[in-house]
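Every chain is numbered from 1 and lettered A, B, ... according to where its sequence line falls, protein lines coming before strand lines. The model shown is predicted, which means the values in this text are computed figures rather than measured ones.
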There are 4 protein chains.
Amino acid sequence: MTAATPARRHHGNRHGRSEEARQAVLEAADDLLVEKGFAGVTMEGIAARAGVAKQTIYRWWSTKTDILMDAFLQDATEDLTPPDSGDVARDLSEYLRRLAWFLGETDSGAVFRALIAQAQHDPAFAAEFRTRCLDVQRARDRLPLERAVRAGQLPAGLDVPAETDRLVGPVYYRALVTGEPIAHAFTDSLAEAFLHHHGQAARPGS
Amino acid sequence: MTAATPARRHHGNRHGRSEEARQAVLEAADDLLVEKGFAGVTMEGIAARAGVAKQTIYRWWSTKTDILMDAFLQDATEDLTPPDSGDVARDLSEYLRRLAWFLGETDSGAVFRALIAQAQHDPAFAAEFRTRCLDVQRARDRLPLERAVRAGQLPAGLDVPAETDRLVGPVYYRALVTGEPIAHAFTDSLAEAFLHHHGQAARPGS
Amino acid sequence: MTAATPARRHHGNRHGRSEEARQAVLEAADDLLVEKGFAGVTMEGIAARAGVAKQTIYRWWSTKTDILMDAFLQDATEDLTPPDSGDVARDLSEYLRRLAWFLGETDSGAVFRALIAQAQHDPAFAAEFRTRCLDVQRARDRLPLERAVRAGQLPAGLDVPAETDRLVGPVYYRALVTGEPIAHAFTDSLAEAFLHHHGQAARPGS
Amino acid sequence: MTAATPARRHHGNRHGRSEEARQAVLEAADDLLVEKGFAGVTMEGIAARAGVAKQTIYRWWSTKTDILMDAFLQDATEDLTPPDSGDVARDLSEYLRRLAWFLGETDSGAVFRALIAQAQHDPAFAAEFRTRCLDVQRARDRLPLERAVRAGQLPAGLDVPAETDRLVGPVYYRALVTGEPIAHAFTDSLAEAFLHHHGQAARPGS
DNA sequence: ATGTAAGCGAGACGGTACGTCCGGTCTTATT
DNA sequence: AATAAGACCGGACGTACCGTCTCGCTTACAT
């Protein structure tokens, strides 16, 4: 938590909510998802594991997916930050590998997949999810290409959002739809084909 | 319904199940999904709308997603058949357009997305879903490239499954993750980039 | 249960409810009232102790007091039947003693007091309680005087309901309001004063 | 309350409790009981209506019935004071009429009935209620007979408490149990029978 | 033709989780 | 030191579905 904050420890308080309770809820939700799967994430279960009253949960979140969104926002950045070596080829390739790992192997990635799944089931949630979570994620996904354009390594007129979708799309597809493990060869060749198509020769020693 | 079977109308039957009940259940599940969303699809609701006893549903299906899988298998082929004009460029482009439309606009597509979503939430279901539904779908997705290879329009050594994933991945990504409408320009340029990369010049008049 | 009915034992049934569940609920409610007091009678507690689902309770009863009414109706008659020796003085005296014992000492009496209490708190309940329980009880209370009138031991024009209230009123008052134990002397002198006032000399050997 | 205290309006106070808050709570509880019935009297509701913090209530009262007891003690005396004309017959008859009206028609009477009801549900409360409220009330109920004995209008050896219970018992019974309206004829004949039994002829012109 | 057995609509059952309400406790800032 | 405000934990409320069960009816085959 905010390291600056000294010992907290309070139950109920006129001014503001309990940070302790907030953390406990987010962690409980996260843990339950990983341990028992999405169906195992229940409001009752979260409350019990977090040692928190249901009312406290409903005071600050409206649904369990709302909680998972908060948990995701708190954790995702740690696991998934695009590298920035200055070399497009290397950065792109590395980022796609990292994205594949994030989506398929990490706890945050599991939360993310659960949220995307829920967005299929519930349009209202989908809208909120896109605003609060997905836009952040997509901005991260665009970073490698944006940097390369700024650095002059890619043409200035490049349609970065569309090109990003083409690059990361197959990775998400594998993670979400086929569920296959994603080998480095797969992501590397995605990067290579992209750079080749845009007149950027693959680096010899890649 | 199996056209051979004449008018049925029966309650109970020693030998074999009621085709009437089967159809009613599949349609009820489909309708509920479209009308009320995934959360609105409940066993009780299906039973009530189909005019069928819950026990009859449980006799033949184990979960509501099991029902939706049957509904999908019955409907999907009608909506999504790859074209076969003999021209790779034209067929590929057309198929990607059709896939985008299917995933984003049709009722069957909505069912498909719901099933993919459920596969995120439930690994056991995921396995069954992949065997029963996804493999069929992926086979369909591979058809254009497979035909082109057979016809000599693409190199014989092409890794068709991987290349297919790279082609359709961005379409699924748009449909499942971003939820954006998918313009023809997007799918067309996917096809074009693919053909260009494999030494197949885009047709002049495309 | 109707002793004639053979072995029952069923879970769910198109035709009619489970007698087993019904009994279990009534007994659980009764037991909880005696053991833990009125506040200890909760729908959850009844369900848990009866080994019954809450939904099953709500299917047949609307409130916990509704359950207690059924429990009362089933048990009260056993504990409280007016004697009929043919001698007014003896019967009246005996009945008042028995009534005092019933209200103050028995489990059924405790249920009855709880219901009267609830009737103070809830007018809608009061109406139903009076119709379903109290009228039965008052009819019982009137029996000794009615028999005496029929037997010619009391004047034919006697206002039996009003006289009954005057007789039993003090007993209920002691039981409900003061909570004091009710000595035989108290009820006996009630009977004696009543008979004396109506020109009926007290029996010598009472 | 303490009429001496001047105008107030304060939040917090170094010296003693807020008389304002006390009054507001008692009135809120009273009003809620009359408006919404016993179930509508909740600590939260009282606090909200009185514009008082829950903690303030809990500082001075332990339960909502504790509040209602205070409210009763504050109001009851106003509504129910035994008359003292010097004539037993008249005073007794008048007091029973007044008691019937108090129990059945007044707001204080409604509070009193609610407290008696609660005493059925909760033995601990019953004990406190009898000490703090009921003894006062019974003392009031005994007054007419006590005065008559002192004035020589009734025999000196009369068991006043028991006789009082016999007199008022039927009135409480009608008010609490049957819920019927209590006609003057009913109370008058109670008084008459009592006096007749104790050798006191009814006054001719009553 | 008739008995038997499987599938059927109906619906009660024991459960789990839902989202809400209230009870009582605690902390904070104010007066 | 007492107050208004209100967040906190706990637990009962009444509801919605879950998946299982029993029931009595309908039907088609196998006697």
Side-chain angles (χ1 to χ4, degrees), chain A residues 8-18 20-21 39 41-48 50-60 62-64, chain B residues 8-18 20-21 39 41-48 50-60 62-64, chain C residues 9-18 20-21 39 41-48 50-60 62-64, chain D residues 9-18 20-21 39 42-45 47-48 50-60 62-64:
Chain A
R8 284 275 186 161
R9 190 73 193 130
H10 68 140
H11 292 277
N13 169 343
R14 176 171 189 180
H15 299 283
R17 67 197 283 191
S18 162
E20 229 181 336
V41 183
T42 65
M43 290 303 224
E44 307 240 306
I46 294 170
V52 146
K54 279 165 64 180
Q55 184 62 49
T56 299
I57 300 183
Y58 283 107
R59 208 188 326 271
W60 304 110
S62 53
T63 61
K64 68 183 186 179
Chain B
R8 288 278 185 156
R9 192 71 195 129
H10 69 143
H11 293 273
N13 173 342
R14 179 170 188 180
H15 299 286
R17 68 195 282 191
S18 162
E20 226 183 340
V41 182
T42 66
M43 290 304 225
E44 307 238 307
I46 293 170
V52 143
K54 279 165 65 180
Q55 185 59 45
T56 300
I57 299 184
Y58 283 107
R59 208 188 324 273
W60 304 109
S62 54
T63 61
K64 68 182 185 178
Chain C
R9 187 83 193 127
H10 68 144
H11 293 275
N13 170 343
R14 179 173 190 181
H15 300 287
R17 65 197 284 192
S18 161
E20 230 181 337
V41 182
T42 65
M43 290 303 223
E44 307 239 306
I46 294 170
V52 145
K54 277 166 66 180
Q55 184 61 48
T56 298
I57 299 184
Y58 283 107
R59 208 183 332 264
W60 303 110
S62 54
T63 61
K64 65 183 186 178
Chain D
R9 190 65 191 138
H10 66 147
H11 293 270
N13 174 345
R14 301 185 67 142
H15 307 289
R17 74 191 279 192
S18 162
E20 224 183 343
T42 66
M43 289 305 225
E44 308 236 306
V52 144
K54 278 166 66 180
Q55 184 58 42
T56 299
I57 299 183
Y58 282 107
R59 207 186 325 271
W60 303 109
S62 55
T63 62
K64 66 182 185 178

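- In this structure, R17(B) places its CZ atom 19 Å from C1' of dA5(E), rounding to the nearest Å.
- Nearest nucleotide to the side chain of T56(B), out of dC8(E), dA12(E), dC9(F): dC8(E).
- Smallest separation of non-hydrogen atoms from A53(A) and A47(A): C-CB, 4.4 Å.
- Taken from NZ in K54(D) to OG1 in T56(D), the straight-line distance is 12.0 Å, to the nearest 0.5 Å.
- Nearest-nucleotide positions on DNA chain E place A50(C) closer to the 5' end than the other of S62(A) and A50(C).
- From T63(B), atom OG1 reaches atom CE of M43(B) across 6.0 Å, with rounding to the nearest 0.5 Å.
- The residue among G45(D) and V41(A) whose nearest nucleotide of DNA chain E is located toward the 5' end is V41(A).
- Counting only heavy atoms from C-beta on, V52(C) has its side chain closest to dG14(E) among dC8(E), dG14(E), dC13(F).
- Residue S18(B) has its side chain nearest to dC8(E) when only dC13(E), dC8(E), dA7(F) are considered.
- Here the P atom of nucleotide dC13(E) and the CD atom of E44(B) are 14 Å apart, to the nearest Å.
- Residue contacts shown for G51(C) are limited to sugar-phosphate atoms, with no base heavy atom under 4.0 Å away.
- In the set dA7(F), dA10(E), dA4(F), dA4(F) carries the atom at the smallest distance from any side-chain atom of A53(D).
- Atom NZ of K64(B) and atom C1' of dG19(F) are 14 Å apart (whole Å).
- Judged by atom type and distance alone, K54(B) reaches the base of dG19(F) through a side-chain donor-acceptor pair under 3.5 Å.
- Which of dC8(F), dG14(E), dC8(E) sits closest to the side chain of R59(B) comes down to dC8(E).
- Distance from the side chain of Y58(A) is smallest to dT20(E) among dT20(E), dT15(F), dG7(E).
- Of the candidates dG15(E), dC13(E), dA17(E), the closest approach to any side-chain atom of W60(C) belongs to dC13(E).
- Candidate nucleotides dG23(E), dG6(F), dC18(F) were compared by shortest atom distance to the side chain of Q55(D), and dG6(F) ranks first.
- One atom, CD1 of I46(A), and another, P of dG19(E), lie 11 Å apart when rounded to the nearest Å.
- Map A47(A) and T63(B) each onto its nearest nucleotide of DNA chain F; the residue landing nearer the 5' end is A47(A).
- Distance, I57(B) CD1 to dC17(F) P: 13 Å, rounded to whole Å.
- In terms of heavy atoms, A21(A) sits closest to V52(A) at CB-CG2, 4.0 Å.
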